[in-house]
Amino acid sequence: MSAETVIHSGGCHCGHVRWQVEASPSVVAWNCNCSNCSMRANTHFIVPSAKFKLIGDSKKFLTTYTFGTHTAKHTFCKVCGITSFYFPRSNPDGVAVTVNCVDSGTLRHVEIRYFNGTNWEKSYDQSSIASFSKLSGESHQ
């Protein structure tokens, strides 16, 4: 991962939900096979919450779905139904940004790592996923 950061912009399909996130142009994204991520084919990278901001009146177009432990907050657009970001169980202090919802031009490289969400606790313990919502200065493995 590069120390360089850029502002990535993105959002949902209809454009009612828009956001910006400060992150490297090269990211580590997670492909998870939990019941929710696998149904949505969601591949996401995780950033500290402080590096993410909603733009304009986006918040009024969001709704949230939770299940299981109710730790993850799966946000999606009330109009088009797209989850362009959410608050993951693995990183409740961070935001998971859907790679395919980032506007083109700022992501240079996406490394895909796999998270076994069907065996969540074991995968969490064996992966470095929790470190990705920490502010700079803390390493990502």
Side-chain angles (χ1 to χ4, degrees), residues 1-3 5-141:
M1 297 266 301
S2 163
T5 63
V6 298
I7 300 298
H8 302 287
S9 296
C12 67
H13 186 261
C14 71
H16 283 95
V17 175
R18 295 292 300 164
W19 41 257
Q20 291 182 329
V21 61
E22 181 183 347
S24 172
S26 298
V27 298
V28 173
W30 299 88
N31 190 347
C32 176
N33 67 346
C34 78
S35 59
N36 192 284
C37 287
S38 63
M39 289 182 101
R40 293 184 291 114
N42 185 25
T43 301
H44 53 274
F45 64 96
I46 298 169
V47 298
S49 293
K51 301 290 185 177
F52 179 88
K53 71 175 180 177
L54 286 172
I55 304 299
D57 61 355
S58 294
K59 189 170 185 163
K60 75 179 187 180
F61 293 101
L62 289 172
T63 193
T64 302
Y65 171 70
T66 67
F67 67 98
T69 66
H70 301 284
T71 304
K73 307 299 183 213
H74 297 276
T75 56
F76 58 96
C77 176
K78 292 178 185 178
V79 178
C80 67
I82 296 297
T83 297
S84 60
F85 72 94
Y86 73 100
F87 303 95
R89 176 181 174 196
S90 61
N91 302 73
D93 58 344
V95 177
V97 176
T98 304
V99 170
N100 288 339
C101 292
V102 176
D103 296 344
S104 62
T106 56
L107 281 174
R108 286 197 298 242
H109 176 76
V110 178
E111 174 189 337
I112 305 294
R113 294 188 188 174
Y114 295 93
F115 187 86
N116 183 2
T118 60
N119 192 354
W120 196 93
E121 287 78 8
K122 184 177 180 182
S123 191
Y124 181 81
D125 290 342
Q126 293 178 347
S127 75
S128 62
I129 197 166
S131 70
F132 285 82
S133 55
K134 306 304 178 211
L135 292 170
S136 63
E138 300 178 25
S139 67
H140 302 302
Q141 299 184 25

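The structure presented is a predicted model; accordingly, all values stated were derived computationally and were not measured. We number each residue from 1, following the sequence as shown.
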Donor-acceptor pair between Asn33 and Ser38 side chains, under 3.5 angstrom = no

All pairs passing salt bridge (charged side-chain N to carboxylate O under 4.0 Å, His left out) where residues 89-102 contributes a residue, at least two apart = Arg89-Glu121, Asp93-Lys134

query = Which pair of non-hydrogen atoms, one from Ile82 and one from Cys101, has the smallest distance, and what is that distance?
reply = CG2-SG, 3.8 Å

ask   = Thr83 side chain to Thr75 main-chain N or O, any donor-acceptor pair under 3.5 Å?
value = yes

ask   = For the atom pair CZ (Phe52) and OG (Ser133), what is the distance rounded to the nearest 0.5 Å?
value = 14.0 Å

query = Is it true that the side chains of Ser58 and Trp19 contain a donor and an acceptor less than 3.5 Å apart?
reply = no

message = How about NZ on Lys53, more than 12 heavy atoms from neighbouring residues, nucleotides or ligands closer than 6.0 Å, or not?
response = no

ask   = Between Val99, Val47, Val97, Thr106, which is the residue that forms a side-chain contact (heavy atoms from CB on, under 4.5 Å) with His8?
value = Thr106

key: Partner set under side chain to side chain donor-acceptor pair (under 3.5 Å) for Thr66, not counting sequence neighbours   = His70

Side chain proximity check, Gln20 to Ile55, heavy atoms < 4.5 angstrom = yes

query = Can you name the residues that form a ring pair (Phe, Tyr, Trp, His ring centres under 6.0 Å) with Phe87, not counting sequence neighbours?
reply = Phe85

remark   = Output for pair (Asn42 CG, Asn36 CG), nearest 0.5 Å, gives 8.0 Å

inquiry  = Please enumerate all residues that pass ring pair (Phe, Tyr, Trp, His ring centres under 6.0 Å) together with His74, with sequence neighbours excluded.
reply    = Phe67, Tyr86

message = Between Ile112 and Val28, does the side-chain contact (heavy atoms from CB on, under 4.5 Å) criterion hold? Intermediate values first, please.
response = CA-CA 6 Å; Ile112 305 294; Val28 173; over 6 Å; no

query = Which heavy atom in Cys77 sits nearest to a heavy atom in Cys12, and how many Å separate them?
reply = SG-SG, 3.8 Å

Closest heavy-atom pair and its distance - Cys80, Cys14 = SG-N, 3.6 Å

query = Any donor-acceptor pair under 3.5 Å linking the side chain of Thr98 with the backbone of Asn100?
reply = no

request  = List the steps, then state whether side-chain contact (heavy atoms from CB on, under 4.5 Å) holds for Ile46 with Trp30.
outcome  = CA-CA 8 Å; Ile46 298 169; Trp30 299 88; 4.1 Å; yes

key: Full working for side-chain contact (heavy atoms from CB on, under 4.5 Å) between Ile7 and Val21   = CA-CA 6 Å; Ile7 300 298; Val21 61; over 6 Å; no

request  = Would you give the length of the straight line joining atom OG of Ser84 to atom NE2 of His13, rounded to the nearest 0.5 angstrom?
outcome  = 12.5 Å

key: Thr63 side chain near Phe76 side chain, heavy-atom distance below 4.5 Å   = yes

ask   = So which pairs with a foot in residues 58-75 pass salt bridge (charged side-chain N to carboxylate O under 4.0 Å, His left out), sequence neighbours left out?
value = Asp57-Lys60

query = Do you know which two heavy atoms are closest between Arg113 and Glu111, and how far apart they sit?
reply = NE-OE2, 2.9 Å

inquiry  = According to salt bridge (charged side-chain N to carboxylate O under 4.0 Å, His left out), does anything in residues 16-44 pair up with another residue at least two apart or in another chain? List the pairs.
reply    = Arg18-Asp103, Glu22-Lys51

query = How long is the gap from NE2 on His44 to SG on Cys32, to the nearest 0.5 Å?
reply = 6.0 Å

